[in-house]
Amino acid sequence: MGVTWIFGRAGKAVLALAVLGWAVLGGAAAQSEIPPAINNGWEWPVVNDGKAWKVFKARWEASDEAGYAAFVQGLGRSTCSSLEACLKSDANPYRSDKDPTLRGDCADMAYILRAYYAWKNGLPFSFQNAMRAADRSGDDIRYSRAGNIVSGRRAIRNSVRNAHAFLQSIGGEVSTAMFRTHPETGGGRSFDDFYPVEISREAVRPGVIAYDIYGHVGIVYEVLEDGRVLVIASHPDQSVTRSTYGPNFMRSKPALGAGLKAWRPISVEGAETNADGSLRGGRLRPAANNELPHYSLEQYIGNTPHPSGVWHYGEFRYNDRTYKYYDYVRRKLAAPGFSYAPVEELRFGLQTICSAVKARKIAVDKAMTSRIYLKPHPRRLPRNIYGTYGAWEEYSTPSRDARLKVSFIELRRDMQALVRDLENGAPGVHYNGDDLAGDLADAFEEEKNACTITYWRSDKTRMRLNLAHVMERLFDLSFNPYQCPERRWGARGAELETCTDDTIKAQWYNALRFLRYQAERSYDVRMDFSLDELKSPMIASAEAGGLGVEAPADADIRGYIARLGGSDVLADNAPSRIVTPVAYSEPAPSAVYFPAWHARFNQTRPR
C-alpha cells in the first residue's frame, strides 16, 4: 500500500502537452511527451552560449514547451537548494562557466527560469515589468484588493547584446504583483504573461505557475500518479524548497488570479531572417485566451458554475460527487482507479511539513547570524507584517509560519475526513488492515522521530526538537526577528531561561500572541501599532489594535489519532514537554530541507 511513484500514465515520464494550437500555429491541440530525466538520451542543444541573446525561432513550438517542462522537472527532481545552485548544478543541462550568477526569490525564479531557457534556445521572451492596481487605489500592488493590470513590458524579439545583464535585471523588475491579474482583463492594453488552466493532466504540467495571493509563487515540477502537484519555489532568504500544491496556495476570486497558470504563448510576426538565421524586425503577438486550448476559469467558478454567477458558489463535480477544490484537483489529476490511503496520506503530509520546518530553521538561522535579535525592538510593527520591505521582510517569518500552521491544520482535518469517508464506505478511500488507529499512530511516531532539528540558544547551547515538539508549540513560534532564538522556537520553562530578550521584548512577545494564533495571512489590515496600542481582539477591532484571533485552530494531529484509538502507542512515546540541551562534540549537522519523499525520485525515476 502506498503512493505509486511512476511518472506518467504508461510507466514512463509522460506529459500530455498541448501543442500551441492557436491560429498562428495553425492546428488543433496535440500531445507531446515530457522527455526522460536529463542525461537520458535527450538532446539539449545550446543556441546562445555567449553574452548575446539572438532569437532564431519566431515562436515557442510544442517541442520548446516540452523541453522547458523537462528543464523545470529536472531542477525540481534535483537536490539544488538555491536558484544559483540550481542553475550551476548537473540538473541544468545548459550550465556553462560563462553563465551569469542569478539569484532571486519566488517571483524572480519563475521569470528567470523561463528567460534563461529562452536565451539558451534562441527563443523570443517578454515579461510585464510594470503593474498598476486595477481600481487605481494606493494599495501595495503585491496585495491589491482588486488585482492588477499590466502597464509596462520588456521584450526580446530579435536580440540583446548583453543577455547576462538582461537576466540579472529581471529580479529588480518583477514581484508577485505580476501574477495578481484578472484572467480576462488583467492584460490591459498589453497582455498578461499567464493564463489560468483547466484542471487536467494535459494542462497542469511542469513549468506551470502556482500563485498564492498571499505573496508567494511556486513552479510545478511534477504531477504524480496520485494527483499530487509538486512545486519548487525560492524564498527571500534565497533557499529553494519543494512542497505540494494545496490550501497553502489560497484559492481566490478571479480578479486576484490565484491558482495554476501557464505561460502565454508568444510569437514574432513579420520578421525577416538574417544571414546567420536570427530574426530581424517583426512584432510581438501573444495568443488570445480564445486561442488557448487549455484556458479555463474552472479554478475560480468550478466546473459547475452557479446560476447566480457568484464565483464561490460554483461546484467542483467529479464522478457525480461534489468535492472541495483541493480534493477535486487531486482526484481529477490522479490516474484512473486512484484511491486515498489514510496511512500513506499521513506519512506524506508529515514529511512535507517536516521539510517546511527545516526550511524555517534556515530562515531563523539567517536571522540569528545577522544578530538582529540583539538590536532594540522598533517602536512600531511594520505597516503589515506579511508584506513589507527591509530587515523585517528579510528576517521575519510570519508568512512562512502561517503556511506551516495551515499545513498542520489541514492535515489534521484531512485525516478526520478520510477516516469518516472510510467509515461511511465512501468511494475513493481504502485501508488494508485491521487497526487503522494503531497504524496511524505508528506512522506518526515514525515520522515524528525521523524529523528533528537543532537550534542554537542564546548561550550557544543546542536544543533538539522533533516534529511533535514543533506541533505542540506551533502557535508559540515567534515570527518576530527581534526576539531571541528561544522565542523564535517557542521555548518554555528552563529552555527559555537563556533568552537574552529584555522586558520590552518579552512584552512584545506576549502582545503578539493573538497574531501567532492566526493561520490566515491578512495583507489588507493596518498593523503598524506600538506596544501600548496593541489589544486583545476580544475587546478591540483590528483597526483599533486588536490584531489576530482569539484562539488558534485545532492542529493537534497527534491528539486526534489518540482519540481515534491510537492512544496506547502514542502514550508510550509521548514527547517530554521539557526539552533538554543536547551536547555535541561535532559541528552542527548541515540543514536539509527536502521532504523525505523527495529522495524517492532518485530511487524510482526512469534511468
Side-chain angles (χ1 to χ4, degrees), residues 13 34-61 63-127 154-174 206-207 219 221 232-234 238-242 263 266 268 274-279 601-602 605 607:
I34 286 187
I38 57 174
N39 299 325
N40 191 32
W42 178 259
E43 295 183 2
W44 302 90
V46 177
V47 176
N48 293 309
D49 194 32
K51 275 197 171 183
W53 180 340
K54 291 186 177 182
V55 175
F56 292 89
K57 300 179 181 180
R59 59 180 60 86
W60 286 66
E61 304 282 2
S63 59
D64 298 309
E65 293 289 358
Y68 180 65
F71 170 66
V72 170
Q73 184 189 61
L75 297 180
R77 290 180 178 184
S78 77
T79 57
C80 64
S81 56
S82 69
L83 175 57
E84 178 183 1
C86 287
L87 292 176
K88 291 182 178 180
S89 73
D90 291 346
N92 175 15
Y94 302 111
R95 64 191 180 281
S96 168
D97 292 339
K98 295 180 286 186
D99 284 352
T101 297
L102 299 171
R103 302 184 178 96
D105 60 14
C106 58
D108 303 334
M109 184 176 190
Y111 273 98
I112 287 173
L113 290 186
R114 184 76 171 185
Y116 179 88
Y117 182 87
W119 168 46
K120 292 290 186 176
N121 285 274
L123 290 160
F125 179 72
S126 178
F127 73 99
R154 292 179 68 190
I156 296 179
R157 292 178 295 112
N158 301 151
S159 66
V160 292
R161 292 182 178 180
N162 193 336
H164 295 192
F166 182 92
L167 290 165
Q168 290 172 326
S169 71
I170 290 175
E173 298 187 47
V174 301
I219 309 170
Y221 72 90
I232 184 171
S234 186
Q238 306 297 305
S239 66
V240 164
T241 59
R242 279 78 169 170
W263 283 88
I266 58 174
V268 180
N274 296 315
D276 63 355
S278 62
L279 302 185
F601 282 105
N602 297 322
R605 68 182 182 186
R607 295 294 181 181

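Counting begins at 1 with the first residue of the sequence.
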* Are E173 and Y111 close enough, and set up right, to give a side-chain contact (heavy atoms from CB on, under 4.5 Å), and what steps lead you there? -> CA-CA 10 Å; E173 298 187 47; Y111 273 98; over 6 Å; no
* Structure fact -> When rounded to the nearest 0.5 Å, the distance separating CD of E84 from CE of M109 is 12.5 Å
* To do: Start with the C-alpha gap between K51 and D99, add the side-chain angles, then the distance that decides, and say whether salt bridge (charged side-chain N to carboxylate O under 4.0 Å, His left out) holds.
  => CA-CA 8 Å; K51 275 197 171 183; D99 284 352; over 6 Å; no
* Spatial distance of atom CG (L75) from atom CZ (R242) [nearest 0.5 Å] -> 8.0 Å
* Asked: What's the spacing between C106 SG and L83 CG if we round to 0.5 Å?
  -> 11.5 Å
* To do: Please answer whether the main-chain N or O of G104 pairs with a side-chain N or O of S234 as donor and acceptor at a distance below 3.5 Å.
  => yes
* Asked: Sub-3.5 Å donor-acceptor pair from the side chain of R59 to the main-chain atoms of I266, do we have one?
  -> no
* For the student: nearest non-hydrogen atoms of N92 and C86, plus distance -> CB-O, 3.7 Å
* **Any side-chain heavy-atom pair of N162 and F166 under 4.5 Å** => no
* Ring-face cation contact, W53 with R157, 6.0 Å cut, 45° max -> no
* Taking C-beta and beyond as the side chain, do F56 and S278 meet within less than 4.5 Å on heavy atoms? -> yes
* Say you draw a straight line from OG of S239 to CG of D105; how long is it, rounded to the nearest 0.5 Å? -> 10.5 Å
* Asked: Would D97 and K88 pass as an ion pair if we require N to O under 4.0 Å?
  -> no
* Partner set under ring-ring contact (aromatic ring centres under 6.0 Å, His included) for Y68, not counting sequence neighbours -> Y117
* To do: Could you tell me whether W119 and H164 have their ring centroids closer than 6.0 angstrom?
  => yes
* To do: Check the side chains of D49 and Y94 for a donor-acceptor pair under 3.5 angstrom, ignoring hydrogens and angles.
  => no
* With the threshold set at 4.0 Å, does a side-chain nitrogen-carboxylate oxygen contact exist between K57 and E65? -> no
* CG on D108 to CZ on R103, rounded to 0.5 Å -> 12.5 Å
* To the nearest 0.5 angstrom, please state how far the CZ atom of R114 sits from the CD1 atom of I219. => 11.0 Å
* Decide yes or no for D64 and L123: does some side-chain heavy atom of the first lie under 4.5 Å from some side-chain heavy atom of the second? => yes
* **Minimum heavy-atom distance W263-G207, with the two atoms named** => CD1-O, 3.9 Å
* Asked: Just wondering, do L113 and L87 contact through their side chains at under 4.5 Å, heavy atoms?
  -> yes
* Asked: Taking only residues two or more places apart in sequence or in another chain, which ones pass side-chain contact (heavy atoms from CB on, under 4.5 Å) with Q168?
  -> P100, L102
